[in-house]
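Chain letters run A, B, ... following the sequence lines, proteins first and then strands; every chain starts at 1.
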Number of protein chains: 2
Amino acid sequence: MRILLVEDDARLAASVGQALEAAGFVHDWVEDGERAWFLGDTEHYAAVILDLGLPRLDGLSVLRRWRGAGQRFPVLILTARGEWSERVEGIDAGADDYLPKPFRMEELLARVRALVRRAAGQPSPVIECGGVRLDTCRMTVTRDGVPVHLSPQEYRLACYLMQHAGRVVSQGELTEQLYAQDFERDSNAIEVLVGRVRRKLGSEWIQTRRGFGYLVEPDAD
Amino acid sequence: MRILLVEDDARLAASVGQALEAAGFVHDWVEDGERAWFLGDTEHYAAVILDLGLPRLDGLSVLRRWRGAGQRFPVLILTARGEWSERVEGIDAGADDYLPKPFRMEELLARVRALVRRAAGQPSPVIECGGVRLDTCRMTVTRDGVPVHLSPQEYRLACYLMQHAGRVVSQGELTEQLYAQDFERDSNAIEVLVGRVRRKLGSEWIQTRRGFGYLVEPDAD
DNA sequence: CGAGGGTTGTCAGCAAACCGTCAGCCGGGT
DNA sequence: ACCCGGCTGACGGTTTGCTGACAACCCTCG
């Protein structure tokens, strides 16, 4: 689950980044609007955390450019003061959520989780597919009611596949979501990871669509 | 666009209702959690505005019940105090957004608009022609309900023909679609491919227009 | 500081699937 | 009958994905 963090205050960015990693997200951090615009336009993020006061290119302008270019990823806006007119402006510019500084790190994480979930069309924090239940708040996984221990990377893979259950997810997409941008392209790390998750959650749980990617079936509903 | 408003303060409900109507929404108003739960489960809403402090059945419980029952509509939570732990709890219970009282009516409307916009559905990813059903998300194909396995290239061919059902598609066009530009011109690869697909999906399914190309019939509708 | 356990990417070997090629066949239109 | 466009079965080189072993790395604990 890859997040773009746009924040020029290095200290704040560091603590947010740390919290994101601890919560199981991978993140890229940029400090100015120009670079944010470029990355948002070229990479594929599950969500963006966007500070409004930025050097070089203002946050709202970046957001409008993204939306103008058809980018759909959810955006959470951070700003120093909770001026309500600014909130409306931000939301109408295409933001999906708004958080005034100062904020509790827990709240930021909850909102990011909610955004990612919602963008994946999955409003509940507990996802269930084929006997596997994943609680995104507690970061726990059970299979047929039995707790299963997944390593962080395994958890991220299972989580992403479940959030996109019913859709084939390519290796490239997984690589983008699970690793930072400078990861070596032709590695079989994903295959190995899939193998490890299969061993824990059942070999049939992740299906292979040869030549296209992987798929987990959603529960009927 | 129908909105469910769950709010026990009659005065506030009236002014929110008025604002919603002015913004072009139709709304139903209920005052207690029991009735809210019932309506949310039986009617179909574009979004729900949910107050947390409710008589008879608490707002968070209502939300959890809805989500437990698989209801997907976006929910915006209202609550009297901006207690951060409550926000986290609400969002993790499956809410899509959160607004502390007191709030500006404009901000509420902006958020509701954003929620409705985001929840708007996508077109169906399933194509069907002559008993063959192709799911572009799962990349699966069934014939008369029976799953059929197609290789990547076969899948692409079937997909392209179905997307252009009712039209004759030439071999040249198929070559352009399925292969890189430098593909050898006088190869019978397409013919072989068509043959393989026919064996799996029925020999009549792809018709030959000698000298022109291939054709699959669209379903009448 | 070092041992030990857990995590995760790399690598090599393997099995299966994939897919273009080819040669020969078929069948309809002139 | 003849020809040309299309069909088909067989073949094998290549690609793809899976797996076990291994090593680097990062913890924690003694």
Side-chain angles (χ1 to χ4, degrees), chain A residues 1 18 21-22 24-26 139 141 147-161 168-216, chain B residues 139-141 147-161 168-216:
Chain A
M1 216 60 51
Q18 198 175 358
E21 298 290 331
F25 295 106
V26 178
M139 294 178 74
V141 178
V148 174
H149 173 75
L150 294 188
S151 78
Q153 201 71 323
E154 290 162 6
Y155 174 86
R156 288 186 204 111
L157 176 76
C159 188
Y160 190 80
L161 287 176
V168 171
V169 178
S170 72
Q171 281 201 22
E173 185 178 343
L174 287 172
T175 306
E176 272 183 23
Q177 292 300 323
L178 300 185
Y179 301 94
Q181 54 207 103
D182 56 346
F183 189 76
E184 185 172 354
R185 303 296 299 173
D186 55 349
S187 145
N188 74 340
I190 295 287
E191 289 162 27
V192 175
L193 204 54
V194 167
R196 294 205 245 256
V197 172
R198 279 212 252 246
R199 202 173 308 148
K200 294 181 179 180
L201 298 180
S203 58
E204 303 302 300
W205 190 66
I206 301 178
Q207 301 173 37
T208 301
R209 289 276 173 279
R210 196 167 249 257
F212 295 111
Y214 298 98
L215 167 72
V216 331
Chain B
M139 294 190 172
T140 53
V141 178
V148 175
H149 176 77
L150 295 188
S151 80
Q153 203 73 319
E154 291 161 5
Y155 175 87
R156 288 189 202 106
L157 175 75
C159 190
Y160 189 80
L161 287 177
V168 172
V169 178
S170 72
Q171 282 202 19
E173 186 178 344
L174 287 172
T175 307
E176 262 177 39
Q177 289 298 323
L178 300 183
Y179 300 95
Q181 298 116 343
D182 58 344
F183 189 75
E184 189 172 351
R185 301 296 299 172
D186 55 348
S187 147
N188 73 340
I190 294 286
E191 289 160 26
V192 175
L193 205 53
V194 168
R196 292 204 246 256
V197 173
R198 280 211 254 248
R199 199 176 313 147
K200 293 180 179 180
L201 298 181
S203 57
E204 305 301 301
W205 190 66
I206 300 178
Q207 301 172 36
T208 301
R209 289 280 176 277
R210 196 163 244 261
F212 297 104
Y214 300 97
L215 168 71
V216 329

When the distance from [atom1] of [X] to [atom2] of [N] is rounded to whole Å, what number comes out?
X: A:E191; N: C:dC14; atom1: CD; atom2: P; result: 17 Å
X: B:I190; N: C:dT21; atom1: CD1; atom2: C1'; result: 14 Å
X: A:E21; N: D:dC26; atom1: CD; atom2: C1'; result: 15 Å
X: A:F212; N: C:dC18; atom1: CZ; atom2: P; result: 10 Å
X: B:E154; N: C:dC18; atom1: CD; atom2: C1'; result: 9 Å
X: A:R156; N: C:dG9; atom1: CZ; atom2: C1'; result: 14 Å
X: B:L150; N: C:dA17; atom1: CG; atom2: P; result: 15 Å
X: B:L157; N: C:dC18; atom1: CG; atom2: C1'; result: 15 Å

Phosphate OP1/OP2 of [N] contacted by [X] side-chain N/O (<4.0 Å):
X: B:Y214; N: D:dG6; result: no
X: A:T208; N: D:dT16; result: no
X: B:S151; N: C:dC19; result: yes
X: B:S187; N: C:dT21; result: yes
X: B:Q153; N: C:dA17; result: no
X: B:H149; N: C:dA17; result: no

hbond_proxy [X] side chain to [N] base (donor-acceptor, 3.5 Å cutoff):
X: A:D186; N: C:dT10; result: no
X: B:R210; N: D:dG5; result: yes
X: B:R196; N: D:dG9; result: no
X: A:N188; N: D:dT19; result: yes

- Taking all non-hydrogen atoms of both residues, which atom of B:Y160 and which atom of B:L174 are closest, and how far apart?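 So the two residues come closest at CD2-CD2, 3.7 Å.
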
Touch class at under 4.0 angstrom, heavy-atom based, for [X] against every strand present:
X: B:R198; result: sugar-phosphate
X: A:R199; result: sugar-phosphate
X: A:V194; result: nothing

- Give me the one residue out of B:K200, B:H149, B:R199 that meets side chain to side chain donor-acceptor pair (under 3.5 Å) with B:E154. B:K200

- Message: Does atom CD (A:Q18) have a neighbourhood of more than 12 heavy atoms from anything else shown, all under 6.0 Å?
- Response: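 No, the 6.0 Å shell around CD holds no more than 12 heavy atoms from other groups.
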
- Task: Mark yes or no for whether B:R198, through its side chain, and B:I206, through its backbone, hold a donor-acceptor pair below 3.5 Å.
- Result: yes

- Item | Under 3.5 Å: donor-acceptor pair, side chain of A:R210, backbone of B:P152 |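 Not at all, since once roles are kept as given, no pair shorter than 3.5 Å links the two residues.
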
- Which nucleotide, D:dG9, C:dC18, D:dG6, lies nearest any side-chain atom of B:Q171? D:dG6

- Item | Proximal nucleotide (of C:dT7, C:dG9, D:dT8) relative to the A:Y179 side chain |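 Of C:dT7, C:dG9, D:dT8, C:dG9 is nearest to the side chain of A:Y179.
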
- Message: For B:L161 and B:V197: C-alpha separation, side-chain torsions, deciding distance, then whether side chain to side chain contact (heavy atoms under 4.5 Å, CB included) applies.
- Response: CA-CA 11 Å; B:L161 287 177; B:V197 173; over 6 Å; no

